[in-house]
There are 2 protein chains.
Amino acid sequence: MASTEKDKGNRRVTIREVAEDAGVSVAAVSKVLRDAYGVSDTLRAKVRQSMDALGYRPLAAARGMRGQTYTIGLVLPDIRNPFFSDIMTGVNNALERTQYRALIGISQSSATGEMAIVEAMIDRQMDGIILIGATEDRANLDAIAARKPLVAVGHHEPDITTFDTVNNNDQQGGQLVVRQMVAAGYKRIAMIGLKSTTSTILAEREIGYRRGMIEAGLGSAINIVQESQTLRDVQITARRMLQAPNRPDAIFCWTDFIALEVISVATELGLRIPEDVGIAGYDNTVYCDFAQNGLSSIDQSGELLGLQATRLLIERIQGRSQAEHFVVPPRLVIRRSTSPG
Amino acid sequence: MASTEKDKGNRRVTIREVAEDAGVSVAAVSKVLRDAYGVSDTLRAKVRQSMDALGYRPLAAARGMRGQTYTIGLVLPDIRNPFFSDIMTGVNNALERTQYRALIGISQSSATGEMAIVEAMIDRQMDGIILIGATEDRANLDAIAARKPLVAVGHHEPDITTFDTVNNNDQQGGQLVVRQMVAAGYKRIAMIGLKSTTSTILAEREIGYRRGMIEAGLGSAINIVQESQTLRDVQITARRMLQAPNRPDAIFCWTDFIALEVISVATELGLRIPEDVGIAGYDNTVYCDFAQNGLSSIDQSGELLGLQATRLLIERIQGRSQAEHFVVPPRLVIRRSTSPG
DNA sequence: CTGAAAGCGCTTACAG
DNA sequence: CTGAAAGCGCTTACAG
């Protein structure tokens, strides 16, 4: 039987046993557990001691039946991008001295996958959800927010009132990249974006790119190519762009991962970086240092984003109902890939 | 109040409402839910229809109070290594047509972090746990296995009876790398490992390396350096190795991440890869293709590992009690980094 | 095959 | 400040 398999060894200590050991009521123990008010110091001390002595650990699932599970869900599009690791570090730091724990679900970069994992998290009584790089449309996000406290990281919607958002200023980020490329002498600067109708960060980065081009008097050279994220598609796109008659002399890629792939295609075609073509990415992941001569990229302070998102979420769980929108300024890290001569 | 915040909108449909709607007992609905036997087709059909009509979703936390939560916990040392993404894909594929969902916890590469996240998962009533690259010692692993079904991926302990293991043959992997390096003409082949007393995969890869060296008559050139995983330490180590009087002409790094860093240090020192020094990694991550000329690496079929681990875990959850140990053969992917001339 | 009742381990009003 | 009782949404024996 499954039960014999699962119940092996140490049976769990329950709140009742702690209560008996301390000679108090179950309700009293519960109060100590939740740091609720209305408990005397002596009672609290007795209970704490019994909890330690018995090695008591509250069962989150049971707590969730009436109250909270002290669990927050983090939804990531995929796990491949090391940038998410920075966010995760921030989340864990924010949770350090709390009873909350973060558990991650992977949406496999699809809207249906994302909705499925969110539903699964709600079924599991998570207290709140942090959505990274949401691919949902606004209606779905609202539906989620109506059921659980929600914070979206990497989703611009500053007028929304039902959930919080945490972002770097993607528009400014795009603009910073173009400005530096222009300063470095590049003229035919193209951008590789993502084919997506819901990604607001993409849209913002594109606006920033356009702004940068226009302010440099390069409006007529604006060239945005939108592709899927699969390695194969990126390769095809990059090859086509770099073999075109009037090929770009610089490419701003919306994320490092894409930029690395473009670098490898360019190298294959015999183009030198940064002399023949300059390349920049976004996220400033560890791999930027590993790219042949270093990949210029935008740092969006992932750790800070994760920290803020977590703080906001816990505030929401504890009752705040008006929306907050946090934005951190981006920082361009210039490396060899956009520094010719 | 927190409760007003959380209970907003759509109240959840419960099993009781489904039962009323279908005109059957709560117990009957529960049976349909669990695909338990002893339900007539007509009753099952009625219940299914009511569930659909009402949009019923069982609350996993409540199910867990008596039975299972249909949740399995995946513990990863960190999220930075894209190899884990392959494992995750395999896990999700295995779970595709089941009621189970996988949730990930990050241990931040420390043994205390690992134990903390495992405890948190047990508190949250996970049905079973998959531990990737465990840093626990045997006693702790046994303690976990005594409480929950456990499968360890990347942990060699073929004689263990209390939990299952899933691995690639790391010994063979190490040997394959050395053999190819020898065939390519390298002689002073060094290995960069990890300072760890608990990592059995490290130990196995080292044995494979030694075997390979001895079988090639290079036993006297055996040179294993053990380092921490921090970028800084790796840089220092790599610099020291490559500037030594009789420096290695090839380095086998225990994981791609380290290899990429070594490549960047070598390049900085003016060494050409693969002519002056050959470099190989382990895991065959996507970044192998991005490294300057491609990084040779061992593919351990992460997706398959994840799939098998999940299958074994579910078998354990459903009652199997004798241990199984699955091993997949490694495959060397040769790229430019070890192909001079 | 079907259902009424007890119970999982907590929290939540409500009395005292 | 402290506690007895009800209840969260399910599953599990146990009758019928």
Side-chain angles (χ1 to χ4, degrees), chain A residues 1-4 6-7 11-47 50-51 54-71 99 122-125 127 317, chain B residues 1-4 6-7 11-47 50-51 54-71 99 122-125 127 317:
Chain A
M1 273 308 300
S3 64
T4 44
K6 279 169 53 195
D7 298 354
R11 273 231 60 66
R12 245 187 128 84
V13 177
T14 71
I15 197 173
R16 178 155 299 140
E17 298 170 53
V18 174
E20 280 167 15
D21 186 85
V24 300
S25 74
V26 166
V29 178
S30 173
K31 273 182 189 146
V32 173
L33 207 56
R34 287 172 291 121
D35 270 321
Y37 66 103
V39 234
S40 67
D41 289 350
T42 43
L43 185 144
R44 193 197 318 280
K46 265 195 300 186
V47 170
S50 292
M51 295 201 299
L54 300 175
Y56 171 69
R57 294 182 64 92
L59 193 64
R63 304 184 79 173
M65 294 297 298
R66 299 287 286 179
Q68 301 182 222
T69 55
Y70 298 92
T71 312
Q99 295 193 58
I122 294 177
D123 293 344
R124 280 154 187 80
Q125 291 279 81
D127 297 332
I317 290 172
Chain B
M1 274 304 300
S3 65
T4 44
K6 278 169 54 195
D7 298 354
R11 275 233 57 69
R12 246 189 127 85
V13 178
T14 70
I15 197 173
R16 180 157 297 142
E17 298 171 52
V18 175
E20 278 166 17
D21 186 85
V24 300
S25 73
V26 165
V29 178
S30 173
K31 273 179 189 149
V32 172
L33 208 57
R34 288 173 289 122
D35 270 321
Y37 65 104
V39 232
S40 67
D41 289 351
T42 44
L43 185 144
R44 193 196 321 278
K46 266 194 301 186
V47 171
S50 293
M51 295 200 302
L54 300 175
Y56 172 69
R57 296 183 62 94
L59 193 67
R63 304 183 79 174
M65 293 297 297
R66 297 289 286 178
Q68 300 181 224
T69 55
Y70 297 92
T71 311
Q99 296 193 59
I122 294 178
D123 293 344
R124 281 153 186 81
Q125 291 281 79
D127 296 332
I317 290 171

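Reminder, nothing fancy here: chain letters follow the sequence lines and each chain counts from 1. The figures that follow rest on heavy atoms only: side chains count, while hydrogens, waters and symmetry mates do not.
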Participant: Could you please name the option among D/dT2, C/dT11, C/dT2 that lies closest to any side-chain atom of A/Leu43?
Facilitator: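 Looking only at side-chain atoms, A/Leu43 lies closest to D/dT2.
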Participant: Drop me the distance from B/Thr71's OG1 to B/Arg124's CZ, to the nearest 0.5 angstrom.
Facilitator: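 So the OG1 of B/Thr71 and the CZ of B/Arg124 are separated by 12.0 Å.
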Participant: For B/Lys31 and for B/Arg57, locate the closest nucleotide of DNA chain D by heavy-atom distance; then report the residue assigned to the nucleotide nearer the 5' terminus.
Facilitator: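 It is B/Arg57 whose nearest nucleotide is closer to the 5' end.
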Participant: Drop me the distance from A/Asp123's CG to B/Gln99's CD, to the nearest 0.5 angstrom.
Facilitator: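 The distance works out to 10.5 Å.
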Participant: Calculate the interatomic distance between B/Asp123 atom CG and C/dC10 atom C1'; express it in whole Å.
Facilitator: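 It works out to 13 Å between those atoms.
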Participant: It should be established whether B/Arg34 places a side-chain nitrogen or oxygen under 4.0 Å from OP1 or OP2 of nucleotide D/dC10.
Facilitator: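 The answer is no; no side-chain N or O of B/Arg34 sits under 4.0 Å from OP1 or OP2.
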Participant: Given atom CE of A/Met65 and atom P of C/dG7, what is their separation to the nearest angstrom?
Facilitator: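 Atom CE in A/Met65 sits about 16 Å away from atom P in C/dG7.
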Participant: Rounded to whole angstroms, how far apart are CZ on B/Arg124 and P on C/dG9?
Facilitator: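 Whole-Å distance recorded here is 17 Å.
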Participant: Compare every heavy atom of A/Tyr56 with every heavy atom of A/Ile15, then report the nearest pair and how far apart it is.
Facilitator: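 So the minimum-distance heavy-atom pair works out to N-CE1, 3.6 Å.
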Participant: May I ask you to test the A/Ile122-B/Arg57 pair for a side-chain heavy-atom distance under 4.5 Å?
Facilitator: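 A/Ile122 vs B/Arg57: side chains apart.
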Participant: Quickly work out the B/Gln99 CD to D/dT11 P distance and round it to whole Å.
Facilitator: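 Computing the B/Gln99:CD to D/dT11:P distance gives 9 Å.
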Participant: Are OP1 or OP2 of C/dC1 and a side-chain N or O of B/Ser40 less than 4.0 angstrom apart?
Facilitator: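 For C/dC1, neither OP1 nor OP2 has a side-chain N or O of B/Ser40 closer than 4.0 Å.
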Participant: Which pairs pass side chain to side chain donor-acceptor pair (under 3.5 Å) with one or both residues in residues 23-33 of chain A, sequence neighbours excluded?
Facilitator: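 Sorted result for residues 23-33 of chain A: A/Ser30-A/Arg34.
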Participant: Would you sketch DNA chain D in dot-bracket for me? Only Watson-Crick or G-U wobble pairs with both distances under 3.5 Å count, crossing pairs as [ ], other-strand pairs as |, the rest as dots.
Facilitator: |||.||||||||.|||
Participant: Between A/Val13 and B/Ala27, just flag the one whose closest nucleotide in DNA chain C comes earlier from the 5' side.
Facilitator: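 Whichever sits nearer the 5' end wins; that is B/Ala27.
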Participant: Taking the side chain as everything from C-beta on, heavy atoms only, tell me whether A/Val29 gets closer than 4.5 Å to A/Glu17.
Facilitator: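 SC-SC contact between A/Val29 and A/Glu17 ruled out.
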Participant: Grab the OH-C1' distance between A/Tyr70 and C/dG9 for me, whole Å please.
Facilitator: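 Atom-to-atom, A/Tyr70 to C/dG9, this comes out as 14 Å.
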Participant: Starting at OH of A/Tyr56 and ending at P of C/dG9, how long is that distance when rounded to a whole Å?
Facilitator: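 Atom-to-atom, A/Tyr56 to C/dG9, this comes out as 10 Å.
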Participant: Which part of the nucleic acid, if any, lies within reach of A/Ser30 when heavy atoms closer than 4.0 Å are counted: base, sugar-phosphate only, or nothing?
Facilitator: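 Result for A/Ser30 = base.
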Participant: Taking OP1 and OP2 of D/dC10, is either one under 4.0 Å from a side-chain nitrogen or oxygen of B/Thr14?
Facilitator: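 Answer no for this pair, as no side-chain N or O of B/Thr14 is under 4.0 Å from OP1 or OP2.
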Participant: Once salt bridge (Lys or Arg N to Asp or Glu O under 4.0 Å) is applied, do any residues pair with B/Arg44, and if so which ones, sequence neighbours excluded?
Facilitator: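 Here the qualifying residues are B/Asp41.
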Participant: Would you kindly give the NZ-to-C1' distance between A/Lys46 and D/dC1, to the nearest whole Å?
Facilitator: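 It is 12 Å, rounded to the nearest whole Å.
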Participant: CD1 of A/Ile15 versus C1' of C/dC8: gap in Å, rounded?
Facilitator: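 Distance check: A/Ile15 CD1 to C/dC8 C1' gives 13 Å.
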Participant: Would you say that A/Gln125 contacts B/Leu59 through its side chain, given a criterion of any heavy-atom pair below 4.5 Å between the two side chains?
Facilitator: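 Result yes, sub-4.5 Å side-chain heavy-atom pair found.
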Participant: Among C/dT2, D/dC10, D/dT2, which nucleotide has an atom closest to any side-chain atom of B/Leu33?
Facilitator: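 In terms of side-chain proximity for B/Leu33, the closest of C/dT2, D/dC10, D/dT2 is D/dC10.
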Participant: By the 4.0 Å heavy-atom rule, please label B/Val24 as base, sugar-phosphate, or nothing.
Facilitator: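 Touches sugar-phosphate only.
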Participant: Quick one: which of D/dG9, C/dG3, C/dT11 gets closest to the side chain of A/Arg66?
Facilitator: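 Of the options given, the side chain of A/Arg66 lies nearest C/dT11.
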Participant: Nearest to the side chain of A/Ala28 - D/dG3, C/dT2, C/dC10?
Facilitator: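 Of all the options, the side chain of A/Ala28 is nearest to D/dG3.
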